[in-house]
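Working notes, structure below.
Excluded from the calculations below are hydrogen atoms, water molecules and symmetry mates; all remaining heavy atoms, backbone and side chain alike, are included.
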Amino acid sequence: CPVFPGITRRLHWDFEDPSSFNGTIDERKARTRIVREKIETAIMRWVKSFLSAPVFDETSKTDTARLLHKLILFCIFFIPIIIPSAWIFSIESAPRYTIGASMLILLSLFLIWYEKKGEVKRASRILIVGIWLVIFFVSLTGSGVHEPVFLGGNLCLILISGILLDPKQNLYFTIASILSGLFFVLVEAFFGWDYPEPFPSFSIWLLAILLFGVAVYFHHNTLQMRLEVLDALHKELKERSEIEQALRRGEERYRLISTASSDYMFSSRITDEGYPLVTWVAGAFEQITGYTYNEYVAHGGWTGALHPD
């Protein structure tokens, strides 16, 4: 595309041209079917690659990209349902809902390409900003805080931003949603706003603040609990790893000492019958005694080596 400013990549699928086939009609049809199947397979592979979430070296980045990708696919395949529904149930609201839905679909198509470049966090912010702007546009051209998309859309926006973004950015979008509601209330108070809903704008705005605050509170606490659990698991795994390393170092040190020693060591215990039983030996045992451990035990241990007198 001569207008697109980004980096372009040319794709070429090398298939045989059916018009160049020779042979009987049945042979040409068979080869044409093979080419058609190859084209269908290549197209399905490309679509699957285009619609699949990207995978990165960092696990956290891959998880965020997977969540973002699901949200993008939701915007692409589910939001178009809003357009015919709006024209069926509300002719007056249909044009602005159609414009808002179309903007989100186009933005989502762009973000599918953009997230595959590794810009997951930036793509998440762009999507959240785009959703917020669409909600603001539909509410501004409709009935302000009385618009159904204002409460429901902003509530979903806060929950989504809490999942994809950090708590500080989530708070920024929450404040932006609250301020947009205040803007609609002030516009109605000073300039008037013709809407059919019986509830006062200020009451609905206060309700919006309450819902947004509850959503942020529960989401923040859930996220904090998850982080605490992950931190505890990380500390436990780290402690286990340090203990295992200390045990391995101790075993290696003990092995080196026992191997290099010119003497030998042994351990024994007294059986129920009152006889000593050797449990292990180490060091230069075989060099000094001339017995292996098994031979020594079979011989009766150190009592078997004693002179009868």
- Do any N or O atoms from the side chain of Ser143 and from the backbone of Glu147 form a donor-acceptor pair under 3.5 angstrom? yes
- Rounded distance [0.5 Å steps], OG in Ser161 versus CG in Leu159: 7.5 Å
- Note on the structure: Output for pair (Ile72 CD1, Leu67 CG), nearest 0.5 Å, gives 11.0 Å
- More than 12 heavy atoms from other groups under 6.0 Å of OH on Tyr172: no
- Message: Strictly below 4.0 Å, N to O, side chains only: are Arg240 and Glu244 in salt-bridge contact?
- Response: no
- Quick one: pull up OG in Ser177 and CD1 in Ile158 and give me the separation to the nearest 0.5 Å. 5.0 Å
- Message: Are Phe136 and Phe184, when compared by the centres of their aromatic rings, separated by less than 6.0 Å?
- Response: yes
- Message: Can a donor-acceptor pair be found, under 3.5 Å and without considering hydrogens, that links the side chain of Asn170 to the backbone of Asp166?
- Response: no
- CD1-OG1 distance between Ile99 and Thr141, expressed to the nearest 0.5 angstrom: 7.5 Å
- Taking everything shown except Leu237 itself, do over 12 heavy atoms lie less than 6.0 Å from its CG? yes
- Task: Take Thr64 and Ile163 through the side-chain contact (heavy atoms from CB on, under 4.5 Å) test and state the conclusion after the steps.
- Result: CA-CA 8 Å; Thr64 304; Ile163 295 173; over 6 Å; no
- side-chain contact (heavy atoms from CB on, under 4.5 Å) between Val149 and Ser139: does it pass, once the steps are laid out? CA-CA 7 Å; Val149 75; Ser139 301; 3.8 Å; yes
- Message: I'd like to know if the side chain of Arg28 and the backbone of Gly23 have a donor-acceptor N/O pair within less than 3.5 Å.
- Response: yes
- Message: Strictly distance-based, threshold 3.5 Å: is any side-chain N or O of Lys38 a donor or acceptor partner for the main-chain N or O of Arg33?
- Response: no
